[in-house]
Q: 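This structure is in structure tokens; I'll ask about it shortly.
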Number of protein chains: 2
Amino acid sequence: MGVSKQYTKLLDTFCLFLKQKGKRFTPEREALLLAVFSLKGHFSPEDLIKQLHKQDNTMSVVTMYRNLPIFVEANILERTCLSSKHTRYEMIWAKEHHDHLICTDCGTITEFNYEAIEILQEALAAQYCFNIERHHLELLGTCHTCQQRV
Amino acid sequence: MGVSKQYTKLLDTFCLFLKQKGKRFTPEREALLLAVFSLKGHFSPEDLIKQLHKQDNTMSVVTMYRNLPIFVEANILERTCLSSKHTRYEMIWAKEHHDHLICTDCGTITEFNYEAIEILQEALAAQYCFNIERHHLELLGTCHTCQQRV
DNA sequence: GTTCATGCAAAAGGTTTGCAGTCAT
DNA sequence: ATGACTGCAAACCTTTTGCATGAAC
């Protein structure tokens, strides 16, 4: 089971993080970690609640909200924006940086990594003496599939 | 007065838009337009409320919220995200497209336009048969000034 | 005069907080 | 045993909606 091996690694990382921060490993946090791992890509708090229900978990929504920042702090999740007015998170653990193509018709999110753009970003930042820590690039439009439709 | 000349032009555009859409030119909409014009750059609904107070305007917050989408429809404002969890708007009327350098220390937003990046974006989109309608690029980090500070 | 816009109050939705009890360490 | 975590309920903040009044065309 390759996947569960990866999960074990994530679990280890998470437990270590908690220990280092003097935080505790609770059943709720374990369930959250599994839910996050299952969702993988991008999700809203609401998606996470649904996933928890699928796992027959009865944790309170409050607990989920209280723990999301901890996952961000542990570099497992990132709070992303994605041109939506609603909060979204994305799993970044063991993932390379990437940006997003977002179809405004069907909502599909395609990830890409285009080194040349990043190089130009650095060049631009240098002009402004700006030190880039991170960036978000979203290309919005219509995907191949949706262009077919009239 | 160069500025007020520009405002007159904006006012004309806005009135024309309203007429075309069968909407009405009310004192509230006029006050909103002035507030938006005064704020120019990026602002939150809250900033807009403050600006209206400065103008001694007593319009209800509800009216402001109801009208913001109209300004977007009129291509005067754009709803932007800017990595914040709060809603923000930006005046786009008579402005060229640009992206943002955002200082995570002092919050300063610097606008830039870098043609070469846009060209690469198109090249990338072509690879995915994706049709770009718009995009957002945010570079987050520390600005020149904040790098000086220890 | 007709239709659309405004203001009030109230609802709605998502998120946060105080507090008492519970559980990991 | 201690201090951190959870769940409940309630608060909170921003945004939206129903309805009656008022104003632009």
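Every chain is numbered from 1, with letters handed out A, B, ... down the list of sequences. Note: hydrogens, waters and symmetry copies are ignored here, and every other heavy atom, side chains too, is used.
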Q: Report the distance from atom CG of L18(B) to atom P of dC4(C), rounded to the nearest whole Å.
A: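 From L18(B) CG to dC4(C) P: 14 Å.
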Q: Keeping the roles fixed (side chain from N67(A), backbone from T63(A)), state whether a donor-acceptor pair exists under 3.5 Å.
A: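 Here the side-chain-to-backbone pair exists.
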Q: In whole angstrom, give the distance that lies between atom NE2 of H86(B) and atom P of dC13(D).
A: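 H86(B) atom NE2 is separated from dC13(D) atom P by 11 Å.
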Q: Regarding E90(B) and H98(B), is there a side-chain donor-to-acceptor distance under 3.5 Å anywhere?
A: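 There is such a pair (donor and acceptor under 3.5 Å, judged by atom type) between the side chains of E90(B) and H98(B).
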Q: Write down the distance between CD (E46(A)) and P (dT15(C)), rounded to a whole number of angstrom.
A: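 Result: 9 Å.
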Q: F37(B) vs L10(B), test: side chain to side chain contact (heavy atoms under 4.5 Å, CB included). Steps then yes/no.
A: CA-CA 9 Å; F37(B) 182 79; L10(B) 174 57; 3.6 Å; yes
Q: Could you check whether H135(B) and Q121(B), counting side-chain N and O atoms only, form a donor-acceptor pair closer than 3.5 Å?
A: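 Their side chains do contain a donor-acceptor pair, which is all the 3.5 Å distance test asks for.
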Q: Below 3.5 Å between N/O atoms, which protein atoms pair up with nucleotides 22-25 of chain C? Just atom names and distances, please.
A:
unit_1, atom_1, unit_2, atom_2, d
dA24(C), N3, R24(A), NH1, 3.4
dT25(C), OP1, F25(A), N, 3.4

Q: How far does CD of E118(B) sit from CG of N113(B), to the nearest 0.5 angstrom?
A: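 It is 5.5 Å, given to the nearest 0.5 Å.
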Q: Using whole Å, what does the distance between atom P of nucleotide dT6(C) and atom CD of E30(B) come to?
A: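 Rounded to the whole Å, the gap is 12 Å.
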Q: Side chain to side chain contact (heavy atoms under 4.5 Å, CB included), that's the test. Do Y128(B) and L124(B) meet it? Break it down for me.
A: CA-CA 7 Å; Y128(B) 287 90; L124(B) 175 102; 4.1 Å; yes
Q: Roughly, in whole Å, what's the span from CE in M59(A) to C1' in dC8(D)?
A: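 Atom CE in M59(A) sits about 16 Å away from atom C1' in dC8(D).
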Q: Provide, to the nearest angstrom, the distance between the NZ atom belonging to K21(B) and the P atom belonging to dA5(C).
A: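 Value for this atom pair: 13 Å.
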Q: Identify the heavy atoms of A31(A) and M59(A) that sit nearest to each other, and give their distance.
A: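 Scanning both residues completely, I find the closest heavy atoms to be CB-CE, 4.0 Å.
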Q: Taking atom types as modelled and ignoring hydrogens, do the side chains of H42(A) and H100(A) form a donor-acceptor contact shorter than 3.5 angstrom?
A: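 H42(A) vs H100(A): donor-acceptor pair found between side chains.
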Q: Expressed in angstrom and rounded to an integer, what is the separation of Q20(B) atom CD from dC25(D) atom P?
A: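 Distance, rounded to whole Å: 15 Å.
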Q: Indicate the ring-plane relationship of F43(B) and Y89(B), choosing parallel, tilted or perpendicular according to the 30° and 60° boundaries.
A: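 Parallel: the ring planes of F43(B) and Y89(B) meet at under 30°.
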Q: Evaluate K95(A) against E111(A) for salt bridge (charged side-chain N to carboxylate O under 4.0 Å, His left out), listing each step before the verdict.
A: CA-CA 11 Å; K95(A) 265 197 140 181; E111(A) 299 175 356; 3.1 Å; yes
Q: If I take atom CG in residue L48(A) and atom P in nucleotide dT15(C), what distance separates them, rounded to the nearest angstrom?
A: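 Taking atom P of dT15(C) as the reference, CG of L48(A) is at 11 Å.
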Q: Once you build an axis from the first five pairs and another from the last five of the helix from dG1(C)-dC25(D) to dT25(C)-dA1(D), how far apart in angle are they, to 10 degrees?
A: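 Comparing the first five pairs with the last five, the axes sit 30° apart.
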Q: Would you mind telling me which of dG7(D), dT6(D), dT15(C) lies closest to the side-chain atoms of R29(A)?
A: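 Within the option list, the nearest is dT6(D).
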Q: Which of residues 60-73 of chain A have a heavy atom under 4.0 Å from DNA chain C?
A: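 By residue number: V62(A), Y65(A), R66(A).
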Q: Does atom CD (Q127(B)) have a neighbourhood of more than 12 heavy atoms from anything else shown, all under 6.0 Å?
A: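 Above 12, so yes.
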